[in-house]
Amino acid sequence: MEKYPISRAGFDAIVKELKDLKEVQRPEILKTVQWARSLGDLSENADYSAAREKQRQIDKRIQFLEGIVANADVVDVDNLSGNRVVFGARVVAEDEDGNKMQCRILSDIEADGKMVISCTSPVGHALIGHCVGDLCTVKLPSGEKEFEILEVKFKD
């Protein structure tokens, strides 16, 4: 199975959320399901239905996060350096209209679409592998856009 890059901080956050879901939230919802079940007729028991739905959501999230953990290739971005854009880099680039973009390239799960972009997004994918001073073309839904890489750094 293919491994997917994720930063140490992103991986630790996922492990923390997974632990909370398994050790706190799931046991609590199971108690709620048992309580609601004890009320009797399940066909018209809104508390039971709501608790079961919440349990399904928690179980689905646990399964999703376990998949990420199992296929994670944890990258210690604090030990990276250089002037080439790689996973974990902080990039400053300028488009042909003079608009500057500042972003960090991380995993899909860590991306917010603004300051942190996915390494698999059109912009992230186009920037990776280029150096300071390089021009790279990004294929966007609205058409192609050219960026010049002004700065690549790894530390704040």
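Other cluster members for Ile68: Ile6, Phe11, Ile14, Val15, Leu18, Leu21, Ile29, Ile58, Ile62, Phe64, Leu65, Val69, Val74, Ile109, joined by side-chain heavy-atom distances under 4.5 Å among Ile, Leu, Val, Met, Phe, Trp and Tyr. Here Val92 sits in one hydrophobic cluster together with Leu150; the rule is ILVMFWY side chains under 4.5 Å apart, joined directly or through other members. Hydrophobic cluster of Leu135: no remaining members, since no ILVMFWY side chain lies below 4.5 Å from it.
A distance of 8.0 Å separates CG of Asp108 from OG of Ser121, quoted to the nearest 0.5 Å. Atom CZ of residue Arg104 and atom SG of residue Cys119 lie 12.5 Å apart, to the nearest 0.5 angstrom. Between the CZ atom of Phe147 and the CE atom of Met101 there is a distance of 4.5 Å, given to the nearest 0.5 Å. Here the straight-line distance linking atom CD1 of Ile117 with atom CD of Gln102 works out to 12.0 Å at 0.5 Å rounding.
Linking ILVMFWY residues whenever their side-chain heavy atoms come closer than 4.5 Å, directly or via other members, leaves Met115 and Ile128 in distinct clusters.
Every residue meeting the salt bridge (charged side-chain N to carboxylate O under 4.0 Å, His left out) condition with Glu53, not counting sequence neighbours, appears here in chain and number order: Arg56. With sequence neighbours excluded, no residue forms a salt bridge (charged side-chain N to carboxylate O under 4.0 Å, His left out) with Asp47.
Note on residues 131-147: pairs passing side-chain hydrogen bond (donor to acceptor under 3.5 Å, both in side chains), not counting sequence neighbours, are Asp95-Lys145.
Two residues are said to be in side-chain contact when any heavy atoms from C-beta on lie closer than 4.5 Å; Arg26 and Gln55 meet this criterion. At a threshold of 4.5 Å between non-hydrogen side-chain atoms, the residues Cys131 and Arg84 count as touching. Inter-residue side-chain proximity for Lys54 and Val33 is flagged as unmet; no heavy-atom pair is nearer than 4.5 Å.
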(message) Go through it in stages, so that I can follow the logic: the residues are Asp12 and Lys16, the test is salt bridge (charged side-chain N to carboxylate O under 4.0 Å, His left out), and I'd like the CA-CA distance, side-chain angles, deciding distance and then a yes or no.
(response) CA-CA 6 Å; Asp12 290 346; Lys16 182 180 177 184; over 6 Å; no

(message) Set out, in order, the CA-CA distance, both residues' side-chain angles and the distance that settles salt bridge (charged side-chain N to carboxylate O under 4.0 Å, His left out) for Glu151 and Arg90, then state yes or no.
(response) CA-CA 8 Å; Glu151 183 179 354; Arg90 297 175 190 278; over 6 Å; no

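Under the 4.0 Å criterion applied to side-chain N and carboxylate O atoms, Glu148 and Lys100 are not assigned as salt-bridge partners.
Side-chain atoms of Gln25 and Asp20 include a donor-acceptor pair closer than 3.5 Å.
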